[in-house]
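Note sheet for the following structure.
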Amino acid sequence: MDLRYPTGPFSRPDSLSPDQRRSAIDVIAETPSRMRAAVRGLDDEQLDTPYRPDGWTVRQVVHHVPDSHLNAYVRFKLALTEDTPTIKPYDEAAWAKLDDTRTTPIETSLSMLETLHDRWTRLLRAMTPRDFARPLNHPESGRMTLDQVLALYAWHGPHHVAHITSLRQRKGWA
């Protein structure tokens with residue numbers, strides 16, 4: 001198994017069916033509780049363990065997910081209110097090295113993820129098929145529809161949860 005992609009690499013679809021959209025939104029809604037369960041009971045030494053050689057620590061992963069999903073939420077808002085906005089990418093590896101990632105309790109990011117996903121899933125569930133067809137321009141990934149962005153983030157949360165749960169399995173951490 002490739003430790004970088006415990007759920008497999010992301011494959012961008014052209015579009016999603018209504019059932020696929022509902023399923024993707026449900027996955028996004030479940031991500032905060034799955035992340036919380038993945039880290040339940042871990043001590044500081046375990047939180048500071050990389051999930052793979054040369055990979056982020058569990059703590060960095062926990063802080064990365066709300067950072068990333070906050071950007072995704074803003075990207076949805078921009079695409080819903082502007083004509084093909086060009087979104088700003090960010091250096092996620094540099095963000096993961098910032099001091100707040102080392103010093104902030106993971107509970108802060110777990111709570112942030114819960115409240116962010118509450119707002120985000122409310123937005124997603126109110127969107128129409130036409131809304132999901134709205135485009136944005138990503139300077140590195142090119143033109144994407146909100147369907148494609150939805151699919152990406154329905155993959156992203158479980159991808160990072162699996163980094164933690166697969167590490168726990170490999171280490172025998174109950």
Side-chain angles (χ1 to χ4, degrees), residues 1-42 46-76 87 89-97 101 106-107 109-121 123-125 127 132 136 138 140-142 144-174:
M1 175 172 89
D2 185 341
L3 297 179
R4 294 172 303 163
Y5 300 104
T7 62
F10 176 67
S11 178
R12 183 170 23 172
D14 291 331
S15 63
L16 300 176
S17 70
D19 285 341
Q20 289 170 318
R21 263 186 223 117
R22 276 189 294 278
S23 177
I25 294 166
D26 288 346
V27 167
I28 288 171
E30 295 165 0
T31 294
S33 64
R34 292 185 187 278
M35 179 63 75
R36 187 174 286 281
V39 298
R40 187 169 288 120
L42 295 181
Q46 292 166 323
L47 290 170
D48 291 329
T49 302
Y51 73 88
R52 68 175 173 87
D54 300 318
W56 287 345
T57 65
V58 172
R59 186 182 312 276
Q60 286 173 306
V61 170
V62 171
H63 291 311
H64 162 73
V65 174
D67 284 348
S68 175
H69 292 195
L70 181 59
N71 276 282
Y73 175 70
V74 169
R75 291 169 181 176
F76 269 82
I87 57 97
Y90 70 103
D91 184 344
E92 62 186 31
W95 284 36
K97 293 176 185 173
T101 303
I106 63 166
E107 180 57 37
S109 284
L110 293 169
S111 296
M112 181 178 172
L113 192 64
E114 289 167 349
T115 56
L116 172 62
H117 278 232
D118 179 61
R119 283 286 304 274
W120 192 14
T121 56
L123 176 69
L124 293 170
R125 288 186 172 129
M127 289 172 59
F132 283 103
L136 57 78
H138 189 294
E140 297 164 357
S141 302
M144 301 173 73
T145 66
L146 289 181
D147 253 350
Q148 292 169 321
V149 178
L150 176 65
L152 173 62
Y153 284 91
W155 169 85
H156 186 259
H159 161 74
H160 284 301
V161 168
H163 282 148
I164 298 166
T165 57
S166 66
L167 173 66
R168 287 184 79 131
Q169 289 173 341
R170 291 191 316 276
K171 294 282 191 180
W173 297 341

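The figures here come from the full heavy-atom set of this structure, side chains too, leaving out hydrogens, waters and symmetry mates. Index from 1, following the sequence.
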Inset, instruction - Might you confirm whether atom CG of D54 has over 12 heavy atoms from other residues, nucleotides or ligands at distances under 6.0 Å? - result: no
Legend entry - Heavy atoms from other residues, nucleotides or ligands near CG of D14 exceed 12 (cutoff 6.0 Å): no
[X] [atom1] to [Y] [atom2] distance, which is reported to the nearest 0.5 Å:
X: R168; Y: T49; atom1: CZ; atom2: OG1; result: 11.0 Å
X: L124; Y: F132; atom1: CG; atom2: CZ; result: 5.5 Å
X: M127; Y: L146; atom1: CE; atom2: CG; result: 4.5 Å
X: I164; Y: T57; atom1: CD1; atom2: OG1; result: 9.5 Å
X: S109; Y: M35; atom1: OG; atom2: CE; result: 9.5 Å
X: S33; Y: L110; atom1: OG; atom2: CG; result: 11.0 Å

Minimum heavy-atom distance between [X] and [Y], given as atom pair plus value:
X: H63; Y: I106; result: CE1-CA, 3.9 Å
X: R59; Y: T101; result: CD-O, 3.5 Å
X: P6; Y: L3; result: CD-O, 3.6 Å
X: V27; Y: P158; result: CG1-CG, 3.5 Å

[X] versus [Y]: any side-chain heavy-atom pair under 4.5 Å?
X: W155; Y: Y5; result: yes
X: Y153; Y: T31; result: no
X: L70; Y: M112; result: yes
X: R36; Y: E114; result: yes
X: I25; Y: R125; result: yes
X: P32; Y: L116; result: no
X: H163; Y: W56; result: no
X: L150; Y: R21; result: yes

Expected output: side-chain [X] to main-chain [Y] donor-acceptor under 3.5 Å:
X: R170; Y: Y51; result: yes
X: Q148; Y: S15; result: no
X: S23; Y: Q20; result: no
X: S111; Y: E107; result: yes
X: S68; Y: H64; result: no

Inset, instruction - Run the salt-bridge test on D147 and R12 with the 4.0 Å N-O cut-off and return the result as yes or no. - result: no
Inset, instruction - Would you please classify the geometry between the W95 ring and the Y90 ring as parallel, tilted or perpendicular, with 30° and 60° separating the classes? - result: tilted
Inset, instruction - Mind telling me whether H156 and H69 have parallel, tilted or perpendicular rings, with 30° and 60° as the class edges? - result: tilted
